[in-house]
Amino acid sequence: MDYFSVSSMVESFRELFPKEASIAVSDSQQFIYYKPSKHIDLKIKPGDKINENTVTFKALSVRKKTSDHINGKVFGTPYFGTSVPIIDSGNPKGCVTAILPSKQLKFLSKFLTLHIEDRWMPVPYEEVMFLEAHNRKTWVQSERGTGTHKFTLSEVEFHLPEEMFLRCHRSYIINVNYIAEIQPDSHSTFLLIMKDGTKIPVSQTYASQFRRILSF
């Protein structure tokens with residue numbers, strides 16, 4: 001991919017990333033594209049080699065999505081990064097990395113803290129049914145009640161365990177353990193019936209990944 005095509009790709013999928021994120025794209029050896037945000041800039045330049053201490057290097061090495069807090073020794077600025085490798089014929093050919101300020105996203109490792117009515121409540125991931133972006137807030141439906149989280153849906157997504165949670169729509173992330181049924185739907189690719197009766201659409205953007213992960 002040349003610079004123009006990578007730039008076009010990143011802009012096309014910009015809504016999938018937190019607005020605060022800087023975006024880096026690499027091949028298997030070096031960075032080929034970088035778009036800094038006003039919140040964090042690692043000063044990456046196309047042609048820079050991938051340092052073995054970066055989250056990009058880790059994702060390429062393990063060949064799967066990787067998230068980690070990286071100290072300031074690598075780029076001079078600490079950051080939290082999530083990297084998704086691009087795999088072709090079983091081999092890592094490149095990587096897309098979203099970069100956020102490390103201080104911004106320090107969650108408890110197994111909980112989401114929700115604002116419910118006039119109090120805050122830590123809820124284990126296992127009890128979170130789904131998350132919804134609505135009216136500029138992130139709403140979380142859990143076994144302990146419905147509450148809001150302070151970060152956006154895309155920001156929260158980076159910390160959710162991927163073996164449990166799936167993005168199925170720009171406005172929804174679901175816990176696969178709370179899916180009761182998957183139905184075909186004329187208005188979206190699929191319609192999820194959750195165990196509490198809520199109906200959640202699977203949009204065309206996420207349909208192929210959704211089917212691949214759930215193997216149907």
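From a predicted model like this one, the values you see are computed outputs, not experimental measurements. Because only heavy atoms are used, hydrogens play no part in the values below, and waters and symmetry mates are left out as well, while side chains stay in.
Closest approach of N175 to V128, counting heavy atoms only: ND2-O, 2.9 Å. Smallest separation of non-hydrogen atoms from A24 and I44: CB-CD1, 4.3 Å. Here the closest non-hydrogen pair linking E163 and V176 is O-CG2, 4.3 Å. Residue D27 comes nearest to L60 through the heavy atom pair O-CD1, 4.0 Å, listed as atom of the first residue, atom of the second, then distance. The shortest heavy-atom contact between I116 and R144 is CD1-O, 4.2 Å. Looking at every heavy atom in both residues, Y172 comes nearest to E132 through OH-OE2, 3.1 Å.
Residues N177 and M164 meet the side-chain proximity criterion, which asks for heavy atoms closer than 4.5 Å. Residues T82 and K65 are in side-chain contact: their nearest non-hydrogen atoms beyond the backbone lie under 4.5 Å apart. When side chains are defined from C-beta on, M194 counts as touching I200, because their heavy atoms get closer than 4.5 Å. Side-chain contact between I174 and F165 is absent, with no heavy-atom pair separated by less than 4.5 Å. The side-chain heavy atoms of L166 and C168, taken from C-beta on, include no pair separated by under 4.5 Å. At a threshold of 4.5 Å between non-hydrogen side-chain atoms, the residues P124 and F111 count as touching. Between N51 and T56 there is no side-chain heavy-atom pair separated by less than 4.5 Å. The shortest side-chain heavy-atom distance between L192 and F130 does not fall under the 4.5 Å cut-off.
Both I213 and I179 sit in one connected hydrophobic cluster of ILVMFWY residues. Membership requires side-chain heavy atoms under 4.5 Å apart, directly or through other members. Under the 4.5 Å side-chain heavy-atom criterion for grouping Ile, Leu, Val, Met, Phe, Trp and Tyr, V25 is not connected to V84 through any hydrophobic cluster.
Ring pair W139/H134: centre-to-centre distance not below 6.0 Å. If you look at Y206 and F190, their ring centroids are not closer than 6.0 Å.
Summarising the geometry, atom CD belonging to E143 is positioned 9.0 Å from atom NZ belonging to K195; distances are rounded to the nearest 0.5 Å. Between the CD1 atom in I99 and the OG atom in S37 there is a gap of 8.5 Å [rounded to 0.5 Å]. Atom-to-atom distance recorded for I182:CD1 and T189:OG1 is 12.0 Å, nearest 0.5 angstrom. The distance from atom CZ of F151 to atom OG1 of T113, rounded to the nearest 0.5 Å, is 10.5 Å. The CG atom of D88 lies 10.0 Å from the CD1 atom of I86; values are rounded to the nearest 0.5 Å. Of the inter-residue distances, the one linking H39 atom NE2 with L100 atom CG reads 9.5 Å to the nearest 0.5 angstrom.
Side chain of R63 to main chain of G90: a donor-acceptor pair is present (N/O by atom type, distance under 3.5 Å, no hydrogens or angles). A distance-only check finds no donor-acceptor pair linking the side chain of T138 to the backbone of A133 [under 3.5 Å]. A donor-acceptor contact shorter than 3.5 Å links the side chain of S61 to the backbone of F57. Proximity of a side-chain donor or acceptor of T148 to a complementary backbone N or O of K137 within less than 3.5 Å is not detected. No donor-acceptor distance shorter than 3.5 angstrom exists from the side chain of K73 to the backbone of P78, with no hydrogens or angles considered. At least one donor-acceptor pair under 3.5 Å links the side chain of S22 to the backbone N or O of I40.
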Checklist entry - Can you list the steps and then say if Y79 with L42 is a side-chain contact (heavy atoms from CB on, under 4.5 Å)? => result CA-CA 9 Å; Y79 71 96; L42 301 184; 3.7 Å; yes

Item to check | Full working for side-chain contact (heavy atoms from CB on, under 4.5 Å) between D196 and M129 | outcome: CA-CA 9 Å; D196 68 341; M129 300 179 192; 4.0 Å; yes

Checklist entry - Can you check side-chain contact (heavy atoms from CB on, under 4.5 Å) on K93 and I87, steps first, answer last? => result CA-CA 6 Å; K93 299 296 185 180; I87 306 297; over 6 Å; no

Next on the checklist: side-chain contact (heavy atoms from CB on, under 4.5 Å), that's the test. Do I173 and V156 meet it? Break it down for me.
Outcome noted: CA-CA 10 Å; I173 296 172; V156 175; 5.8 Å; no

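Shown are E162, Q209, E157; of these, the side chain to side chain donor-acceptor pair (under 3.5 Å) with R167 is made only by E157. The only member of D48, D41, T97 that meets side chain to side chain donor-acceptor pair (under 3.5 Å) when paired with Y34 is D41.
For the 3.5 Å distance criterion, the side chains of S142 and E127 fail to qualify, holding no donor opposite an acceptor. There is no side-chain donor-acceptor pair under 3.5 Å between Y178 and E126.
The aromatic rings of H69 and F80 lie tilted to each other, with the angle between the two planes from 30° to 60°.
Taking 4.0 Å as the cut-off between side-chain N and carboxylate O, D68 and K58 count as a salt-bridged pair.
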